[in-house]
K.L.:
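One structure follows; several queries about it will come next.
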2 protein chains.
Amino acid sequence: MSRAKNNIGELGPLVGYHLRRAFGAFAADFAVAMEGTGMRQVLVGILTVVSGSPGINQGAVGRVLGIKRANMVSLINELVDAGLIARVVDPGDRRAFSLNITDAGRAMLADCLARIAAHEQRMLAGFSEAERAMLLELLGRIERRDPAAA
Amino acid sequence: MSRAKNNIGELGPLVGYHLRRAFGAFAADFAVAMEGTGMRQVLVGILTVVSGSPGINQGAVGRVLGIKRANMVSLINELVDAGLIARVVDPGDRRAFSLNITDAGRAMLADCLARIAAHEQRMLAGFSEAERAMLLELLGRIERRDPAAA
DNA sequence: TATTGTTATACTCTATAACTATA
DNA sequence: TATAGTTATAGAGTATAACAATA
């Protein structure tokens with residue numbers, strides 16, 4: 001492992017750069033963790049939100065997770081086609097679909113969350129509980145910001 | 001701003017989830033910060049590395065930044081076409097191209113780094129210097145990990 | 001045989017605009 | 001007029017496989 005120059009220069013002190021690299025490392029390991037399930041990061045997110053808010057509609061799920069309405073369509077289709085969520089017309093608002101997790105969805109979600117727990121442990125090996133909590137807190141402060149949309 | 005339920009359930013304690021959201025927020029504001037320059041995150045990264053390691057070749061730049069060889073080709077083409085970097089056959093290894101930043105590239109990089117500094121300040125408003133350093137340190141530990149490639 | 005750069009390709013994520021049907 | 005969902009489309013990031021030229 002003769003680590004070469006690896007001269008990132010002015011990128012070194014940039015949080016944005018390291019956020020990108022850390023996100024990439026997490027995403028790569030996440031994909032490995034999900035192998036065989038057919039699930040991806042976004043799908044697990046949607047399944048979790050639907051599980052926690054039975055009867056929620058697509059738009060609301062998208063708003064919670066930061067996914068555009070247009071992009072929700074095929075994602076929900078994937079989950080419905082896989083039998084993981086059920087979609088019925090909302091009786092109270094016939095424009096909307098009411099989403100609910102199925103038994104198969106619950107089983108899949110449980111499997112995914114177990115895999116994700118192991119994945120997080122791998123990625124955060126060596127982190128103290130205080131460090132993990134601090135990282136969550138700092139990331140939370142960033143994500144609750146949106147200067148671009150101001 | 002009647003914040004709705006926003007029930008993310010089991011996603012709440014996951015570092016990976018918040019990393020994704022924080023990365024998204026950073027990327028969106030980065031794009032706004034670069035408006036009018038024609039530059040993107042990856043291009044600034046490449047320009048910075050070439051600037052700091054004159055004569056470096058494509059493969060090495062990719063290795064430093066975590067970009068696959070195949071994807072480097074069009075990125076380098078963009079920068080060459082824009083007149084920001086010069087590409088000549090490496091005299092010592094005629095398979096490789098030697099990359100150098102041009103004067104125009106130096107000017108562009110200076111402009112971009114100034115915009116990025118302002119962008120980072122926006123995104124990290126309210127962070128103490130110690131918090132910023134801590135975040136950099138924790139992210140650095142994550143990115144220097146690659147369980148998937150083990 | 002390994003490496004540099006290349007081409008071709010494919011999948012995912014993200015974004016916008018325009019449409020429909022309901023409200 | 002506004003909202004829920006849809007369709008079509010486009011740009012960007014990332015990944016693999018196969019190839020030519022050179023080492």
Side-chain angles (χ1 to χ4, degrees), chain A residues 4 16-17 19-21 23-32 34-35 38-46 55-80 85 87-99 146 148-149, chain B residues 4 16-17 19-21 23-32 34-35 38-46 55-80 85 87-99 146 148-149:
Chain A
Y17 171 72
L19 204 47
R20 185 174 101 86
R21 299 304 302 265
F23 169 72
F26 249 85
D29 190 69
F30 188 94
V32 172
M34 288 301 120
E35 254 167 28
M39 295 291 281
R40 306 190 303 278
Q41 231 172 350
V42 204
L43 297 179
V44 175
I46 296 174
I56 193 172
N57 65 35
Q58 289 185 205
V61 174
R63 256 172 268 126
V64 169
L65 294 175
I67 306 170
K68 290 266 179 333
R69 282 197 317 283
N71 297 325
M72 285 297 296
V73 181
S74 63
L75 295 170
I76 294 294
N77 282 341
E78 283 189 70
L79 292 171
V80 170
I85 68 175
R87 171 177 49 189
V88 298
V89 173
D90 186 327
D93 182 346
R94 281 159 49 221
R95 292 172 303 183
F97 285 135
S98 179
L99 305 177
D146 202 351
Chain B
Y17 171 72
L19 204 47
R20 185 174 101 85
R21 298 303 300 266
F23 170 71
F26 249 84
D29 190 68
F30 188 94
V32 172
M34 290 301 120
E35 253 166 29
M39 296 290 282
R40 306 190 303 279
Q41 230 171 351
V42 204
L43 297 179
V44 176
I46 294 173
I56 193 172
N57 64 35
Q58 291 185 202
V61 174
R63 256 171 268 126
V64 170
L65 294 175
I67 305 170
K68 289 269 179 330
R69 281 197 319 283
N71 297 325
M72 285 298 295
V73 181
S74 63
L75 295 171
I76 294 294
N77 281 342
E78 282 189 70
L79 292 170
V80 169
I85 68 176
R87 171 178 48 190
V88 299
V89 172
D90 186 328
D93 181 346
R94 282 159 47 221
R95 290 172 304 182
F97 284 136
S98 180
L99 304 177
D146 202 353

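These numbers come from the heavy atoms of this one structure, side chains and all, not from hydrogens, waters or symmetry mates.
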K.L.:
At under 4.0 Å between heavy atoms, how does the protein contact nucleotides 18-23 of chain D? Give one character per nucleotide, 5' to 3', with B, S or -.
P.N.:
---BBS
K.L.:
Atom CZ of B:Arg87 to atom C1' of C:dT6: distance rounded to whole Å?
P.N.:
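To the nearest whole Å, that distance equals 11 Å.
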K.L.:
Do any side-chain nitrogens or oxygens of A:Lys68 fall under 4.0 Å of OP1 or OP2 in C:dT14?
P.N.:
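Checking A:Lys68 against C:dT14: no side-chain N or O falls below 4.0 Å of OP1 or OP2.
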K.L.:
How long is the straight-line distance from CE of B:Met39 back to CD of B:Glu78, given to the nearest 0.5 Å?
P.N.:
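The distance works out to 9.0 Å.
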K.L.:
Can you list everything that forms a side-chain hydrogen bond (donor to acceptor under 3.5 Å, both in side chains) with A:Arg95? Sequence neighbours excluded, please.
P.N.:
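Here the qualifying residues are A:Asp93.
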K.L.:
Does B:Ile46 reach the side chain of B:Ile76, with side-chain heavy atoms less than 4.5 Å apart?
P.N.:
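Touching, per the 4.5 Å side-chain cut-off.
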K.L.:
Give the rounded distance in Å between these two atoms: CD1 of A:Ile46 and C1' of C:dT12.
P.N.:
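In whole Å, C:dT12 C1' lies 13 Å from A:Ile46 CD1.
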K.L.:
Side chain of A:Phe97 only, please: which of C:dT4, D:dG13, D:dT6 is the nearest?
P.N.:
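Within the option list, the nearest is D:dT6.
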K.L.:
Rounded off to whole Å, could you give me the CG-to-P distance for the A:Asn71 and D:dA12 pair?
P.N.:
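Checked: the CG to P distance equals 16 Å.
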K.L.:
Are B:Gln41 and D:dA12 close enough that a side-chain N or O sits under 4.0 Å from OP1 or OP2?
P.N.:
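False: B:Gln41 side-chain N/O out of range (4.0 Å or more) of D:dA12 OP1/OP2.
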K.L.:
Mind checking whether B:Arg20 and A:Gln41 have side chains closer than 4.5 Å, heavy atoms only?
P.N.:
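Yes, their side chains come closer than 4.5 Å.
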K.L.:
Is the closest side-chain heavy-atom distance between B:Val89 and B:Phe97 below 4.5 Å?
P.N.:
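Counting from C-beta outward, B:Val89 and B:Phe97 do come under 4.5 Å.
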K.L.:
Please determine if a side-chain N or O atom of A:Arg20 lies less than 4.0 Å away from the OP1 or OP2 oxygen of D:dT14.
P.N.:
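Checking D:dT14 against A:Arg20, a side-chain N or O does come within under 4.0 Å of OP1 or OP2.
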K.L.:
Between atom CD1 of A:Ile56 and atom CG of A:Leu99, what is the distance when rounded to the nearest 0.5 Å?
P.N.:
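So the CD1 of A:Ile56 and the CG of A:Leu99 are separated by 7.5 Å.
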K.L.:
Of the nucleotides D:dT7, C:dG5, D:dT14, which one has an atom closest to the side chain of A:Val73?
P.N.:
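The closest nucleotide is D:dT7.
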K.L.:
In this structure, how many angstroms lie between the C1' atom of D:dG11 and the CD atom of B:Glu35, rounded?
P.N.:
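Roughly 15 Å, once rounded to whole Å.
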K.L.:
Compare all side-chain heavy atoms of A:Leu65 with those of B:Tyr17 and state whether any distance is below 4.5 angstrom.
P.N.:
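Yes, at least one pair of side-chain atoms sits under 4.5 Å.
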K.L.:
Measure CG/A:Leu99 against C1'/D:dG5 and give the value in whole Å, please.
P.N.:
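So the CG-C1' distance, A:Leu99 to D:dG5, works out to 11 Å.
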K.L.:
Let's see if you can work this out: which of C:dT14, C:dT6, C:dT4 has an atom nearest to the side-chain heavy atoms of B:Ala70?
P.N.:
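Nearest nucleotide to the side chain: C:dT6.
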K.L.:
To the nearest Å, how far apart are B:Ile85 CD1 and C:dG5 C1'?
P.N.:
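Rounded to whole Å, this separation is 14 Å.
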K.L.:
Of all the nucleotides listed (D:dA4, C:dT4, C:dT12), which has the minimum atom distance to the side chain of B:Ala96?
P.N.:
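From the listed options, C:dT4 comes nearest.
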K.L.:
Nearest whole Å is fine: how far is D:dA12 C1' from B:Met72 CE?
P.N.:
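These atoms are roughly 16 Å apart.
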K.L.:
Please give, in whole Å, the distance from C:dT3 P to B:Ile56 CD1?
P.N.:
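That distance rounds to 17 Å.
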